[in-house]
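In listed order, ligands and their atoms are each counted from 1. Scope of the values below: all heavy atoms of this structure, side chains included, with no hydrogens, waters or symmetry mates. A quick note: this is a predicted structure, and the numbers were derived from the prediction, not measured. Residues take their numbers from the sequence shown, with the count starting at 1.
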Amino acid sequence: MIIYFTGTGNSLVVSRKLAEKLNEPMMSIYEAVEKDLSDTQRIGLVYPTYMLDAPLAVRELVPRLRLSKDAYVFIVITCGAQTNNAVWTVRRLLKAQGVAIAYCNKVRFPDTAGLAYHRNPNNQVWKLEKYAARMDEIAEDIATGKHALHYAGMDPLGCLMRVPALSEKAYLPFKPLANAEKCVSCGLCEKICPQKNIKLEDKRVLVGEQCTYCLRCVHYCSHQAMEVGGKPTQKAFQYHHPEIKVQDLYRS
Ligand SMILES: Cc1cc2nc3c(=O)[nH]c(=O)nc-3n(C[C@H](O)[C@H](O)[C@H](O)COP(=O)(O)O)c2cc1C
């Protein structure tokens, strides 16, 4: 079973490739917390690095997963560059439930956070050329039941993100807000927000307090009406994995 969390689709593509190559079913982490997976013998977690760590949603939901202590558990991270504490944190959360991870690895993708600080993710699409070969390697490792913890170490800089005053400051530029002048009240952001954190009320887009900063709403808004850091969103900077359609994200 492959369990995934994705913002713009990079981690969904990795999840799909692994599911196909390993002949495993897959589901989002939101569905997985509703299931009893204690009889499942091979479990993979696929999610991105956000702000030097696992996404807030993943950190909240992993402790609610019901997994077997004997399962072969693996983690595959998607990231712009580094896993930082994305494996380390989840490994600790799983360990607290008596579940050990056997294997972890990473796949690099365009950095979807770039949009917030004027680095165009679309200038990094060269990373997409490498990912197919990388997926072959990782799937082969998992298929043969390999035990290897790559990129699982602790990143001290990432630990600073646990200090509330610092993390609040760091997350602020990634908090999406709707620009009322550009918004046409189509409701797409409400439909695709993985956290169900966006509501359309009286044609106004309201963003709640459960944001996991995935920037999905910002990258997919066809009117560039969702903005981060108080700056206009440029169409040229909007990115999503070319194999993902917005409909793929409705339920995940
Ligand atoms: C808010 C935010 C913060 C990010 N922080 C990091 C980071 O600290 N390190 C890194 O290598 N990539 C970082 N990224 C890039 C993502 O990990 C990368 O683009 C990933 O493939 C996105 O996957 P997704 O499309 O499944 O959300 C960040 C992306 C976002 C949206």
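- Side-chain atoms of R42 come within 3.5 Å of backbone N or O of L22 as a donor-acceptor pair.
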Stepwise ring-ring contact (aromatic ring centres under 6.0 Å, His included) check, Y220 with H240: CA-CA 8 Å; Y220 279 89; H240 62 82; 4.5 Å; yes

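- No side-chain heavy atom of E243 sits under 4.5 Å from any side-chain heavy atom of L12.
- No hydrogens or angles considered: a donor-acceptor pair under 3.5 Å links the side chains of D141 and Y103.
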Evaluate Q97 against R64 for side-chain contact (heavy atoms from CB on, under 4.5 Å), listing each step before the verdict. CA-CA 10 Å; Q97 300 171 58; R64 288 173 46 199; over 6 Å; no

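- For ligand 1, the 4.0 Å heavy-atom shell takes in T6, G7, T8, G9, N10, S11, P48, T49, Y50, M51, L52, T78, C79, G80, A81, Q82, N84, F109, P110, D111, T112, A113, F174, Y213, C214, L215, ordered by chain and residue number.
- M161 places none of its side-chain heavy atoms less than 4.5 Å from the side chain of N84.
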